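Everything quoted here is computed from the prediction, not taken from an experiment.
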Amino acid sequence: MNKKPLGYAALFIAVALLPWLGVYPIFAMKVMCYALFACAFNLLIGFTGLLSFGHAAFLGTAAYAAGHALKVWGFPPLLGIAFGTLMAALAGLVFGLLAIRRSGIYFAMITLALAQMLFFYFLQAPFTGGEDGLQSVPRGHLLGIDLENDVALFYVVLAIFVLGFWLIYRTVHSPFGQVLTSIRENEARATSLGYDAARFKLLAFVLSAGLAGMAGATKTLVLGFATLTDAVWTTSGLVILMTLVGGMGTMVGPIVGALVIIALENKIGDLGQWLAGVTGVQWFTGLGESVSLVTGLIFILCVLAFRRGLVGEAGALWERLRKPS
């Protein structure tokens with residue numbers, strides 16, 4: 001019997017208890033949004049072998065599309081998220097058709113260039129609010145429940161995250177997912193077996209873009225705004241970092257990576273104050289303004305010492321301990 005689904009179910013049940021354990025719901029929802037974003041990116045790089053430097057474009061596209069639909073058109077919450085997801089998937093289709101027949105650094109650079117073009121469009125488009133962003137996006141109601149209540153919205157976001165995670169899990173463990181893995185391992189051999197590698201990679205790219213869009217649309221609903229930060233190239237770098245820190249090619253790794261990076265961004269100032277109090281070194285008080293420095297150091301540490309990420313290294317250690325001596 002495969003015990004992994006039971007482990008995932010236990011994980012989600014534990015997450016469902018977080019608001020009752022004193023965890024700030026907004027923080028937990030933000031982590032789930034970025035975790036879904038990282039899981040979507042991991043589907044592309046970890047299971048298909050395609051490195052995209054422009055995945056923030058899909059997060060930003062869905063964020064703006066959902067925000068506009070919710071605020072201006074008055075869409076209900078789930079329909080607004082679905083609309084943002086669809087727009088991101090369509091953007092992924094356009095990106096994929098232009099980039100998918102290239103590989104390696106050429107594929108990565110094409111996705112980055114296209115994402116930058118979309119970023120400058122968002123900067124100038126009237127419906128995005130430019131540098132001010134799209135503000136005051138309403139949460140609305142769902143089945144008579146007021147989503148302005150953070151706890152109520154938390155469980156809606158958890159349901160969306162579980163749905164996205166389940167779609168990725170089913171994709172990876174389906175015949176389609178096995179073909180993606182074979183393309184990652186040896187594309188020439190997969191082609192020789194009769195598989196249209198370009199078509200499979202395009203489908204994986206669109207699915208990854210759509211799921212990244214689901215994360216972006218949900219984040220707009222949670223935070224009430226969409227800004228250029230959602231679409232800038234540094235956000236693409238951030239999701240790469242999350243995936244590498246947690247463990248590329250694992251199901252739970254991107255979730256752990258997102259938790260680590262988002263927790264650092266939100267709590268590093270408190271950590272700096274604590275370190276300053278313990279050590280007496282006042283430099284630590286400015287640690288909250290050096291998030292990029294800390295995340296950069298974490299990236300270097302992972303590359304040098306934890307090549308498989310936190311989850312990957314933990315799994316490898318567990319396998320070594322299980323083997324009889």
In terms of heavy-atom contacts, F107 and A99 come closest through CD1-O, 3.2 Å
**Message:** Is there a side-chain contact between F161 and C33 in this structure, where contact means two heavy atoms from C-beta onward sitting under 4.5 Å apart?
**Reply:** no
Taking every heavy atom of G67 against every heavy atom of T220, the minimum-distance pair comes out as CA-CG2, 3.8 Å
Under the 3.5 angstrom rule, does the side chain of Y155 hit a backbone N or O of A16 as a donor-acceptor pair?
yes
Task: T111 side chain to A108 backbone, donor-acceptor under 3.5 Å - done: yes
Query raised in the report: For atom CE of M109, is the number of surrounding heavy atoms from other residues, nucleotides or ligands below 6.0 Å larger than 12?
Result: yes
OG1 (T181) and CD (E185) are apart, to the nearest 0.5 Å, by 7.5 Å
Inset, instruction - Would you check if the side chain of T128 reaches a backbone N or O of Q124 as a donor-acceptor pair within less than 3.5 Å? - result: no
Nearest heavy-atom approach of G213 to A88 is CA-CB, 3.5 Å
Checklist entry - Would you find a donor on one side and an acceptor on the other, under 3.5 Å apart, between the side chain of R139 and the backbone of V222? => result yes
Side chain to side chain contact (heavy atoms under 4.5 Å, CB included) with I45: of I240, L244, V239, L51, only one passes, and it is L51
Does a side-chain heavy-atom distance below 4.5 Å link L153 with P25? no
* Asked: Taking the six-membered ring for Trp, are F12 and F165 ring centroids under 6.0 Å apart?
  -> yes
So, does T250 use its side chain to make a donor-acceptor pair with the main chain of V311 at under 3.5 Å? no
Smallest heavy-atom separation, G54 atom then A115 atom, equals CA-CB, 3.5 Å
So OG of S182 and CD of E187: to nearest 0.5 Å the spacing works out to 9.5 Å
Which is it for W233 and F119 under the side-chain contact (heavy atoms from CB on, under 4.5 Å) test, yes or no, and what are the steps along the way? CA-CA 8 Å; W233 66 271; F119 170 80; over 6 Å; no
Any donor-acceptor N/O pair, N42 side chain to G249 backbone, under 3.5 Å: yes
Can you label the angle between the H55 ring and the F205 ring as parallel, tilted or perpendicular, going by 30° and 60°? perpendicular
| field | F75 and W73 aromatic ring geometry - parallel, tilted or perpendicular at 30°/60° bounds | value | tilted
Next on the checklist: Could you check whether any side-chain heavy atom of I168 comes within less than 4.5 Å of a side-chain heavy atom of V172, counting everything from C-beta outward?
Outcome noted: yes
All heavy atoms of L18 vs all of A28, minimum pair found to be CD1-CB, 4.5 Å
Does L21 belong to the same Ile/Leu/Val/Met/Phe/Trp/Tyr cluster as M32, with side-chain heavy atoms less than 4.5 Å apart forming each link?
no
Applying side-chain contact (heavy atoms from CB on, under 4.5 Å), run through F176 and L203 and close with a yes or a no.
CA-CA 10 Å; F176 173 74; L203 289 173; 3.9 Å; yes
In one Ile/Leu/Val/Met/Phe/Trp/Tyr side-chain cluster, 4.5 Å: V151, I26:
yes
Taking every heavy atom of K71 against every heavy atom of S136, the minimum-distance pair comes out as CD-O, 3.9 Å
Handout entry: Atom OH of Y106 with >12 non-hydrogen neighbours under 6.0 angstrom
Key = no
- Query: Does some side-chain heavy atom of Y195 sit less than 4.5 Å from a side-chain heavy atom of I183?
  - Reply: no
Next item on the list: Take I100 and L50 through the side-chain contact (heavy atoms from CB on, under 4.5 Å) test and state the conclusion after the steps.
Entry: CA-CA 9 Å; I100 211 67; L50 295 175; 3.8 Å; yes
- Task: Please answer whether the main-chain N or O of T227 pairs with a side-chain N or O of D230 as donor and acceptor at a distance below 3.5 Å.
- Result: yes
- request: Look at the aromatic rings of Y121 and F127 and report parallel, tilted or perpendicular, splitting at 30° and 60°.
  value: tilted
Between the CD1 atom in I262 and the OH atom in Y34, the distance rounded to the nearest 0.5 Å is 5.5 Å
**Message:** Side chains of E131 and L123, heavy atoms from C-beta outward: is any pair under 4.5 Å?
**Reply:** yes
Next on the checklist: Is there a side-chain contact (heavy atoms from CB on, under 4.5 Å) between T85 and M214? Walk through the geometry before answering.
Outcome noted: CA-CA 5 Å; T85 302; M214 184 186 293; 3.5 Å; yes
| message | Please check: side-chain N/O of S208 versus main-chain N/O of A40, any donor-acceptor pairing under 3.5 Å? | response | yes
Requested in this report: Is it possible for you to say whether L259 and V15 belong to one hydrophobic cluster, with membership spreading through side-chain heavy-atom contacts below 4.5 Å?
Outcome: yes
Review point. Is L241 reachable from F41 through a run of I, L, V, M, F, W or Y residues, each pair having side-chain heavy atoms under 4.5 Å apart?
Key: yes
| Do W20 and M29 belong to the same hydrophobic cluster, where Ile, Leu, Val, Met, Phe, Trp and Tyr are linked whenever their side-chain heavy atoms lie under 4.5 Å apart, directly or via other members? | yes
Are side-chain heavy atoms of T61 and F122 found at a separation under 4.5 Å?
yes
In this structure, CG of L202 is separated from CG of L93 (nearest 0.5 Å) by 6.0 Å
To the nearest 0.5 Å, atom CZ of F95 lies from atom CG of L118 at 5.0 Å
(message) Any non-hydrogen side-chain atom of F200 less than 4.5 Å from a side-chain atom of T48?
(response) no
ask   = Does any N or O in the side chain of H68 come within less than 3.5 Å of the main-chain N or O of Y64, such that one atom is a donor and the other an acceptor?
value = no
dist T235:OG1 -> L59:CG (nearest 0.5 Å) comes out at 7.0 Å
Would you confirm whether D146, through its side chain, and N149, through its main-chain N or O, come within 3.5 Å as a donor-acceptor pair? no
(message) For F154 together with Y24, are the ring centres under 6.0 Å from each other?
(response) no
Is there a side-chain contact between L134 and F225 (heavy atoms, below 4.5 Å)?
no
